[in-house]
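Just so it is clear, the model here is predicted, and its values are computed rather than measured. First the proteins, then the strands, lettered A, B, ... as listed; each starts at 1.
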There are 2 protein chains.
Amino acid sequence: MMNTPKTKNISNGSHNIWLIEDNAHFRRTMQWLVNRAPGMKCTHSFESCEDALIKLKEEELPEVILLDINLPGMNGIQGIEKIKLISPETYIVILTVYDDNDKVFDALCAGASGYLLKDSAPEKIIDSIEEALAGGAPMSIQIAHKVLEIFSQLKPKKSDYGLTTREKELLQLMTIGLSRQQIADKLFISFHTVTTHLKNIYSKLHVNSKSGAISKVYKENIL
Amino acid sequence: MMNTPKTKNISNGSHNIWLIEDNAHFRRTMQWLVNRAPGMKCTHSFESCEDALIKLKEEELPEVILLDINLPGMNGIQGIEKIKLISPETYIVILTVYDDNDKVFDALCAGASGYLLKDSAPEKIIDSIEEALAGGAPMSIQIAHKVLEIFSQLKPKKSDYGLTTREKELLQLMTIGLSRQQIADKLFISFHTVTTHLKNIYSKLHVNSKSGAISKVYKENIL
DNA sequence: TGAAAAATACCCTTATCGCGGTATGGGAAA
DNA sequence: TTTCCCATACCGCGATAAGGGTATTTTTCA
């Protein structure tokens, strides 16, 4: 009879930390760093997610995994998902040199609890592990800034472009893939009227094709 | 001739902090707390956004504003937007008792740089102001946790439709509104090849037009 | 009530698209 | 090794779209 897997402290009461990092030198440095922090023990380190996943299936689960993104084989983002499937309670903290918005976004969406850059000060890394253990979201300051950027991009824009009600209606029908004739039939107006409206819409949106208009609608949350 | 408004240190070199908070007792406590922190000066405090906005138009702009959410008149979220219009470089840190996901989401989308709960330790609040000044995103641990929750809800479940890499590439170019010839030029392939690819893409996506395909891409997060 | 804005309709020309084919070379899988 | 998939390329036809007009009717609102 199997119990639901649970993370737990290792025998001596220390927090159980794992490390997934392909650079051997950095891996050893990090392992040393974690082990010299009071109350933490880096019980395992791996050079790939694949290796870590094998161990996850046979071992006591770690409380925190420090995870690189650029790894041979499975990358860190994919790794998060796999790890979370086996051990949903493990806090995963990304430790990488990559700081582009997409990576940050993907990692956090996939279930990472934190995101640190490798140039972080050693004590900052240890603090961050503790913050993760406390249920927080430790981030390098640059990453925190990117998170704010991501949020501000999520803000629904009210860019209107001065479209009239009717024009928005046409645009709406366009987005579901209708042709001009189909739109005309649906709205009981002439094909030529639809053409005129579309001309005006394109001019207001500064596009010159149906596809451009539809893209703009979705990208800028028009309608 | 007016210059673009800039935030700046006040005369003695301290950081200029403002406070918007309707509870008079808490406001005085916070003001005292900030003023006793080295390098910080709470030059003004207000009990409503409206009052603060008036002052913003005639004064040197603050570097940080500590902002309550539940305020008489204009609430804090609306306040953020108004303040950012006048002083986009001011860091706004929310300081409130409300910790529901919607408030957090709205505040961060509106441009808040941080989000603290009022039960935060005084030194944590001062640290957070410094973190905001450094370009970070200070948050109470409960809020950080909620931010992670919000991200995990944003996770797009991508549908696949078995598109090949090349087909996804074509689809990508389609979504920015390019015509077949433009795509061909961009990818250094023949117009006819583009046509063939599009045919296959339509068939896989079960659509029969460019607009239908683009709509599907955005609605179902393909790519 | 009168001007402005919006919605309607039509014409013409050229460009692009959708769809039915066919075909070939390369690489991966079986 | 042989089959299958992918990416490549081409043809033709009819439909649809884009861009340039002009013009009338209806609505809105100052």
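- Looking at heavy-atom distances under 4.0 Å, A:Ser209 makes contact with sugar-phosphate atoms alone, never a base.
- Straight-line distance from the NE2 atom of B:His192 to the C1' atom of C:dC17: 14 Å, rounded to whole Å.
- Among the nucleotides D:dA18, C:dG18, D:dA7, the one closest to the side chain of A:Lys210 is D:dA18.
- Counting to the nearest Å, the C1' atom of D:dA17 and the CG atom of A:Leu173 are 17 Å from each other.
- Donor-acceptor pairing under 3.5 Å, judged by distance alone, is present between the side chain of A:Thr196 and the base of C:dC10.
- The phosphate of C:dT8 (OP1 or OP2) has no side-chain N or O of A:Thr193 nearer than 4.0 angstrom.
- Cation-pi check for B:Lys204 over B:Tyr161 is not met; the charged atom does not lie both under 6.0 angstrom from the ring centroid and within 45 degrees of its normal.
- Between the side chain of B:Lys199 and the base of C:dG18, no donor-acceptor pair of N or O atoms lies under 3.5 Å.
- At C:dT8, one or more side-chain N or O atoms of A:Arg166 fall inside 4.0 Å of OP1 or OP2 (strictly under the cut-off).
- Residue A:His197 has a polar side-chain atom (N or O) positioned under 4.0 Å from OP1 or OP2 of C:dT8.
- Residue A:Asn200 is out of contact with every strand shown, counting any heavy-atom pair closer than 4.0 Å.
- At whole-Å resolution of the value, CD in A:Glu167 and P in C:dA7 are 6 Å apart.
- Distance CZ (B:Arg180) to C1' (C:dA15): 12 Å, rounded to an integer number of Å.
- Distances shown here put a side-chain N or O of B:Thr164 below 4.0 Å from the OP1 or OP2 atom of D:dA7.
- Residue B:Lys219 qualifies as enclosed at atom NZ: its count of foreign heavy atoms under 6.0 Å is above 12.
- Judged by a 6.0 Å distance limit and a 45° cone about the ring axis, B:Lys118 is positioned over the six-membered ring of B:Phe26.
- Taking only side-chain nitrogens and oxygens, A:Tyr202 comes nearer than 4.0 Å to OP1 or OP2 of D:dA18.
- Between A:Ser190 and C:dC10 there is a side-chain polar atom (N or O) within less than 4.0 angstrom of OP1 or OP2.
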Would B:Ser45 and B:Trp18 satisfy side-chain hydrogen bond (donor to acceptor under 3.5 Å, both in side chains), going step by step from the backbone distance to the final call?
CA-CA 6 Å; B:Ser45 67; B:Trp18 285 13; over 6 Å; no
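- For the pair B:Phe191 CZ and D:dC11 P, the interatomic distance rounds to 11 Å; values are reported in whole Å.
- Under the 6.0 Å cut-off for aromatic ring centres, A:Phe151 and B:Phe151 qualify, their centroids lying closer than that.
- Residue B:Ile201 contributes atom CD1, which lies 14 Å from atom C1' of C:dG18 at whole-angstrom precision.
- Comparing D:dA7, C:dC19, D:dG19 by their nearest atom to the side chain of A:Thr195 picks out D:dG19.
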